[in-house]
Number of protein chains: 2
Amino acid sequence: MTSLASGITLATTASLIGDVARANILCALSGGQALTAGELASHAGVGASTTSGHLAKLAEAGLITTLKQGRHRYYRLSGPKVAAMIETLMAASDLTPPRHRPVGPRDEALRRARSCYDHMAGRFAVELAERLEERGFLVLSDEGGYVTEAGSAFFARFGLELGAAAGRRPLCRCCLDWSERRFHIGGRLGTALFAHALGRGWVARVAGSRALRVTRTGEAALAGGLFRCEPLDRPVSAWEALTASA
Amino acid sequence: MTSLASGITLATTASLIGDVARANILCALSGGQALTAGELASHAGVGASTTSGHLAKLAEAGLITTLKQGRHRYYRLSGPKVAAMIETLMAASDLTPPRHRPVGPRDEALRRARSCYDHMAGRFAVELAERLEERGFLVLSDEGGYVTEAGSAFFARFGLELGAAAGRRPLCRCCLDWSERRFHIGGRLGTALFAHALGRGWVARVAGSRALRVTRTGEAALAGGLFRCEPLDRPVSAWEALTASA
DNA sequence: GCGATGCTTCGGCAACCGCCGAAACGATGA
DNA sequence: TCATCGTTTCGGCGGTTGCCGAAGCATCGC
């Protein structure tokens with residue numbers, strides 16, 4: 001009776017994500033890269049014309065944005081908020097089945113390492129976060145995350161581009177990892193770490209997927225010394241690293 | 001092509017919320033109280049039999065739980081995680097329309113004060129949070145929230161039941177308020193404050209709605225001294241206060 | 001200029017799903 | 001015991017919506 005209006009707005013957004021094809025599109029985009037309509041069609045598993053309709057709806061709802069370039073049309077999520085919403089829904093879906101469910105390696109590559117819009121997720125990201133926490137550079141919890149003084153000094157010396165403190169985007173947002181159920185790092189720090197990992201070759205994008213391939217260098221960085229402090233030969237711009245193709 | 005599985009799980013949950021009747025049911029339940037099937041039917045705006053079907057689906061998905069009592073059947077959200085998901089989706093829906101939308105007093109009572117599962121939201125809650133922050137008891141930000149030392153002392157002296165530090169539930173989780181777009185307080189502190197506000201008569205539940213009525217006492221508490229430190233005549237158990245009927 | 005490619009619009013088909021009413025079930029109270 | 005109330009199950013109807021293929025626009029390369 002009351003609050004009918006809220007229910008309607010809630011339902012319209014949810015029903016948008018509630019279609020399998022559209023959900024697949026959003027999943028594909030939640031890697032953070034811009035993809036063409038054709039690529040998205042193959043991700044969605046439906047024809048080009050159908051995909052076009054879906055994309056129009058998503059765009060009208062403001063969940064994705066369009067970028068015309070040449071004869072291609074690139075689509076990307078309209079912002080981190082949308083990505084966060086997707087991950088939240090994902091987490092809630094995971095709690096969903098009270099029945100037994102095969103917890104097995106469903107998309108093992110994704111569980112291992114994947115990009116989550118503008119930062120990393122999966123086992124690799126979670127372990128990275130824990131290493132940093134062990135060394136006293138971070139504190140992560142349900143309540144959020146923050147960088148300690150030692151951490152600030154470390155990241156600064158390490159050459160991470162954290163950007164000015166300005167802007168409303170939080171420095172360190174902690175994300176409950178959908179597959180691992182432990183925390184990984186988001187926010188500006190998460191973005192910088194992702195760019196750094198790509199720049200140093202710790203991880204590499206896998207074409208046509210959110211999955212990331214963890215290189216030997218990446219393994220070594222995590223297992224061994226982690227964050228030796230030689231500066232990079234060439235500083236990596238976060239945006240440049242993130243938008244480079246697979 | 002890849003990550004099809006993720007898309008499917010995402011879609012199943014989202015499509016569950018994507019129906020207007022079910023969304024209304026979830027909205028009604030997100031006040032935190034348990035409601036009967038009949039009440040939910042009137043909230044949903046559909047017949048009893050239809051509602052029954054919806055409830056079965058929601059329950060099977062693990063979003064709500066059932067409690068049989070006499071010849072009634074009580075339904076409630078299965079946990080704070082579900083409530084958080086709903087609020088997140090709500091927030092994302094709000095960013096949705098890039099077009100002009102009437103920002104007017106849509107459900108004014110709800111914007112003023114409402115319960116959000118186990119804590120308060122709306123203007124009242126936001127202002128309360130800001131008062132506490134001004135006085136240096138809290139720090140709230142995108143990254144999360146935490147209670148300062150002064151705050152700990154204050155809340156302890158004030159007699160808030162914060163519960164042991166144990167348990168995985170965060171003490172102070174900050175929530176972006178759906179209507180106000182500013183922060184309000186969740187987590188264990190949010191629950192304790194809600195119980196306190198109910199116990200002291202600052203706010204009262206409105207029957208059949210998430211809305212809360214702010215009493216004169218409540219106004220006074222907020223505007224004037226706020227948190228005079230006379231102890232309550234009778235300590236209020238959080239759960240007791242929260243589950244008391246309207 | 002021309003064809004080829006990428007994407008969108010349109011029309012029509014089919015399946016899904018939410019809705020209701022009638023009937024069955026279970027619990028309560030006289 | 002029997003009526004009553006709250007809730008669920010069942011069967012059937014109707015609207016929505018996702019799907020495709022064909023045709024229409026753009027853009028690029030030759």
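Predicted model only: the values in this text are computed from it and were never measured. Lettering of chains follows the sequences in order, A, B, ..., and the numbering in each one begins at 1.
- Rounded to whole angstrom, the span from the CG atom of A:Asp19 across to the C1' atom of C:dC16 amounts to 12 Å.
- Taking all atoms of both residues into account, the shortest heavy-atom contact from B:Cys27 to B:Ser30 is O-OG, 2.7 Å.
- Dashed line: the shortest gap from a side-chain N or O of A:Tyr75 to OP1 or OP2 of C:dT8 is under 4.0 Å.
- OP1 or OP2 of D:dG18 sits under 4.0 Å from a side-chain N or O of A:Arg22.
- Inter-axis angle, ends of the helix from C:dG1-D:dC30 to C:dA30-D:dT1, five pairs per end, rounded to 10 degrees: 20°.
- Between B:Ser78 and B:Gly62, the closest heavy-atom pair is OG-O, 2.8 Å.
- At whole-Å resolution of the value, CD in B:Glu39 and P in D:dG6 are 11 Å apart.
- The residue among B:Ala48 and A:Ser52 whose nearest nucleotide of DNA chain C lies closer to the 5′ end is A:Ser52.
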Nucleotide-resolved protein contact map, nucleotides 21-30 of chain D, B/S/- at heavy-atom distance under 4.0 Å: B-----BB--
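- As a whole-Å value, the separation of B:Leu55 CG from D:dT8 C1' is 11 Å.
- In this entry the distance linking CG of B:Leu58 with P of C:dC17 reads 15 Å, nearest Å.
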Working for side chain to side chain contact (heavy atoms under 4.5 Å, CB included), residues B:Arg112 and B:Val214: CA-CA 8 Å; B:Arg112 181 174 165 87; B:Val214 180; 3.8 Å; yes
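- A:Leu89 and B:Met85 make their closest contact through CD2-SD, 3.6 Å (heavy atoms, listed as atom of the first residue, atom of the second, distance).
- In terms of heavy-atom proximity, A:Ser15 sits nearest to A:Thr12 at OG-O, 3.1 Å.
- Distance A:Leu67 CG to C:dC7 C1': 15 Å, rounded to the nearest Å.
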Derivation and outcome, side chain to side chain contact (heavy atoms under 4.5 Å, CB included), residues A:Ile25 and A:Leu55: CA-CA 8 Å; A:Ile25 289 174; A:Leu55 291 172; 4.0 Å; yes
Side chain to side chain contact (heavy atoms under 4.5 Å, CB included) between B:Met120 and B:His184, worked out: CA-CA 8 Å; B:Met120 297 180 286; B:His184 65 242; over 6 Å; no
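- Between B:Tyr74 atom OH and D:dT7 atom C1' there is a gap of 13 Å when expressed in whole angstrom units.
- Across all strands shown, B:Ala37 has heavy atoms under 4.0 Å from sugar-phosphate atoms exclusively, and none from any base.
- Side-chain N/O atoms of B:His54 include none lying less than 4.0 angstrom from OP1 or OP2 on C:dG18.
- C:dT8 atom P lies 12 Å from atom NE2 of A:His72, rounded to whole Å.
- Rounded to an integer number of Å, the gap from B:Glu60 CD to D:dT9 C1' is 15 Å.
- B:Asn24 and B:His43 make their closest contact through CB-O, 3.8 Å (heavy atoms, listed as atom of the first residue, atom of the second, distance).
- Taking every heavy atom of both residues into account, A:Leu35 and A:Leu40 meet most closely at CD1-CD2, 3.8 Å.
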Stepwise side chain to side chain contact (heavy atoms under 4.5 Å, CB included) check, A:Arg73 with A:Thr66: CA-CA 7 Å; A:Arg73 244 183 172 103; A:Thr66 315; 3.8 Å; yes
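- An OP1 or OP2 oxygen of C:dC17 is reached within less than 4.0 angstrom by no side-chain nitrogen or oxygen of B:Lys57.
- Residue contacts shown for B:Thr51 are absent, as no nucleic acid heavy atom lies under 4.0 Å away.
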